[in-house]
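One structure is given here, and the rest of the page talks about it.
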Amino acid sequence: MNFEHFAKERWQGNLVTFIKEALDFFQMKSRIEQDGEPHLYLDSIAEENMLTRLVEATGKYADIEAAFGGRVIRNY
């Protein structure tokens, strides 16, 4: 399944739910922690690129940074 198809099928308007589904479906090691505002912890550049393509495919965000309002922590 490509990213555009995944976004078309799974996007319901909730970013956190969408990203959690993507992390599970594509078996990524990145994670979301939510203590108030959600923070995305990226495990690799490849996963960052994949998640950026996924959020771009929703038509709502320019990239993963914009989607999370800068609350992205890179662990690579």
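Sequence positions, counted from 1, serve as the residue numbers for this chain.
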_Residue pairs fulfilling side-chain hydrogen bond (donor to acceptor under 3.5 Å, both in side chains) with at least one residue in residues 52-67, sequence neighbours excluded_ = Glu65-Arg74
*Are Leu40 and Ile45 joined in one hydrophobic group, where the rule is that I, L, V, M, F, W and Y side chains link up if heavy atoms are under 4.5 Å apart?*
yes
Output side-chain donor-acceptor pairs under 3.5 Å for residues 15-30, partner residues at least two apart or in another chain, one line each.
| unit_1 | atom_1 | unit_2 | atom_2 | d |
| --- | --- | --- | --- | --- |
| Thr17 | OG1 | Asn14 | OD1 | 3.2 |
| Ser30 | OG | Asp43 | N | 2.9 |
| Ser30 | OG | Glu47 | OE1 | 2.4 |

Kindly list each side-chain donor-acceptor pair under 3.5 angstrom involving residues 5-12, sequence neighbours excluded, with atom names and distances?
| unit_1 | atom_1 | unit_2 | atom_2 | d |
| --- | --- | --- | --- | --- |
| His5 | NE2 | Glu9 | OE2 | 3.3 |

*Taking the side chain as C-beta and beyond, is there a heavy-atom pair between Val72 and His39 under 4.5 Å?*
no
*Looking at side-chain heavy atoms only, is the closest gap between Glu37 and Phe68 below 4.5 Å?*
no
*Side-chain contact test, heavy atoms from C-beta onward, threshold under 4.5 Å: evaluate it for Leu42 versus Ile73 and give yes or no.*
no
*Considering all heavy atoms, the nearest Glu4-Ala57 contact*: CA-CB, 4.0 Å
*Can you list the residues that meet the salt bridge (Lys or Arg N to Asp or Glu O under 4.0 Å) rule with Glu33, with sequence neighbours excluded?*
Arg31
*For the atom pair CG (Asn49) and CD1 (Ile64), what is the distance rounded to the nearest 0.5 Å?*
10.5 Å
